[in-house]
Amino acid sequence: MFKKLSYWFKVKRIGPDIPLTHLLLHSKRLGTWLCRKKFAKFGHNSAMRPGSYAICCDHISIGNDVVIRPGTMLFGSGHGDKSINITIEDLVLIGSGVHIYTANHEFSDPLQPIFSQGHQAPQPVNVCKGAWIGANAIILPGVTVGQNSVIGAGSVVTKDVPPFSVVAGQPAKIIKQLK
């Protein structure tokens with residue numbers, strides 16, 4: 001049992017699949033302590049709700065006043081160097097079930113099973129100050145979500161989102177400019 005508890009503290013991951021981390025997120029004080037210990041940065045007054053996941057936490061930076069809702073998956077990548085590959089700036093709202101990915105499987109050789117081809121190099125994802133990501137949106141590697149932009153619920157974001165824009169759809173397209 002001690003070995004398992006030790007692993008749960010050391011692993012660079014938070015979520016229901018690591019029961020101790022999931023339990024600690026139910027307490028604001030202990031959840032904040034856990035997140036500050038695991039993430040590269042975890043800002044003031046930010047909250048990661050129980051039921052959310054973060055993988056490779058040491059590659060993820062969370063700003064001030066950020067809310068990460070249940071079911072969200074932040075998938076930082078441990079492949080490649082040790083740099084931050086998910087940056088979420090201040091005052092960002094992240095709805096339930098949002099997925100953010102920084103890497104993908106390699107699939108360049110059609111004669112090889114994708115399983116055997118490894119991973120592509122991580123591409124950073126940046127969510128700029130004041131953005132709102134609607135429930136169940138998916139943000140793919142290499143995307144920057146501009147300041148005060150809105151990602152519609154269920155959208156798949158494959159390209160950068162300009163500041164002060166509303167995007168929606170699969171793939172997400174600009175549907176409105178905020179002025």
Side-chain angles (χ1 to χ4, degrees), residues 14-15 25 28-29 31-32 34-36 38-105 107 119-179:
I14 296 174
L25 289 178
K28 183 174 181 168
R29 184 175 58 85
T32 299
L34 174 71
C35 290
R36 289 203 172 124
K38 298 262 187 183
F39 285 101
K41 177 188 173 206
F42 194 78
H44 174 72
N45 206 35
S46 289
M48 184 169 183
R49 302 285 192 244
S52 52
Y53 292 82
I55 298 167
C56 295
C57 299
D58 55 337
H59 294 271
I60 301 172
S61 174
I62 308 289
N64 298 321
D65 300 301
V66 173
V67 178
I68 302 167
R69 300 277 178 214
T72 293
M73 168 74 78
L74 303 177
F75 205 114
S77 181
H79 301 288
D81 64 17
K82 293 289 184 191
S83 63
I84 303 302
N85 49 44
I86 295 178
T87 301
I88 300 172
E89 294 181 0
D90 299 342
L91 301 165
V92 171
L93 297 172
I94 299 177
S96 297
V98 169
H99 285 225
I100 299 177
Y101 297 99
T102 61
N104 202 350
H105 291 278
F107 53 91
H119 291 88
Q120 296 173 349
Q123 297 176 2
V125 170
N126 297 304
V127 181
C128 296
K129 182 178 179 178
W132 174 24
I133 303 171
N136 298 311
I138 299 171
I139 300 176
L140 296 178
V143 168
T144 294
V145 176
Q147 180 179 353
N148 287 8
S149 289
V150 177
I151 309 297
S155 297
V156 178
V157 184
T158 61
K159 296 179 180 163
D160 289 351
V161 176
F164 309 102
S165 300
V166 178
V167 300
Q170 300 172 0
K173 294 183 179 3
I174 297 173
I175 60 170
K176 184 177 181 179
Q177 290 294 133
L178 303 172
K179 303 214 178 203

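With rounding to the nearest 0.5 Å, the separation of CG in Asn104 from CZ in Phe75 is 10.5 Å. The OG1 atom of Thr102 sits 8.0 Å away from atom CD1 of Ile60, with the distance rounded to the nearest 0.5 Å. Rounding to the nearest 0.5 Å places CD1 of Ile138 at 7.5 Å from CD of Gln170. In this structure, Ile14 CD1 and Ile68 CD1 are separated by 8.5 Å, a value rounded to the nearest 0.5 Å. Distance check: Thr87 OG1 to Asn85 CG gives 8.0 Å after rounding to the nearest 0.5 Å. Here Leu140 contributes atom CG and Ile100 contributes atom CD1; the two are 10.5 Å apart, rounded to the nearest 0.5 Å.
In terms of heavy atoms, Lys38 sits closest to Cys57 at O-CB, 3.3 Å. Taking all atoms of both residues into account, the shortest heavy-atom contact from Val161 to Ile151 is CG2-CD1, 3.8 Å. Taking both residues in full, the closest heavy atoms of Cys56 and Ser77 are given as SG-C, 3.9 Å, listed atom of the first, atom of the second, then distance. Between Pro122 and Ala103, the shortest heavy-atom distance links the atoms CA-CB, 4.2 Å. Heavy atoms only, all atoms of each residue included: Ile84 and Ala40 are closest at CD1-CB, 3.2 Å. Pairing each heavy atom of Gly43 with each of Arg36, the nearest pair is O-NH2, 3.7 Å.
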Could you go through residues 126-134 and list every donor-acceptor pair under 3.5 Å that involves a side-chain atom there, pairing it with any protein atom two or more places apart or in another chain?
none

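Ser61 places no side-chain N or O within 3.5 Å of a backbone atom of Phe39 that could act as its donor or acceptor partner. Without hydrogens or angle criteria, Thr72 side chain to Gly95 main chain gives a donor-acceptor distance under 3.5 Å. The backbone N or O of Pro70 lies less than 3.5 Å from no partner atom in the side chain of Arg49, so there is not a single donor-acceptor pair.
Using a 4.5 Å heavy-atom threshold, the side chains of Leu74 and Ile88 count as touching. For the pair Ile174/Pro162, a side-chain contact is recorded, criterion being any heavy-atom separation below 4.5 Å from C-beta on. When side chains are defined from C-beta on, Arg69 does not count as touching Val98, because their heavy atoms never get closer than 4.5 Å.
Annotation: side-chain hydrogen bond (donor to acceptor under 3.5 Å, both in side chains) contacts involving residues 142-158, sequence neighbours excluded, are absent.
Scanning for side chain to side chain donor-acceptor pair (under 3.5 Å) contacts around Tyr53 gives an empty result, with sequence neighbours left out. Listed by chain and residue number, His119 satisfy the ring-ring contact (aromatic ring centres under 6.0 Å, His included) test with His105 (two or more places apart in sequence, or in another chain). Residues passing the side chain to side chain donor-acceptor pair (under 3.5 Å) test with Gln177, sequence neighbours excluded: Ser165. Residues satisfying the side chain to side chain donor-acceptor pair (under 3.5 Å) test with Asp65, not counting sequence neighbours, are Asn45.
Using the six-membered ring where Trp is involved, His99 and Tyr101 have ring planes that are tilted, between 30° and 60° apart.
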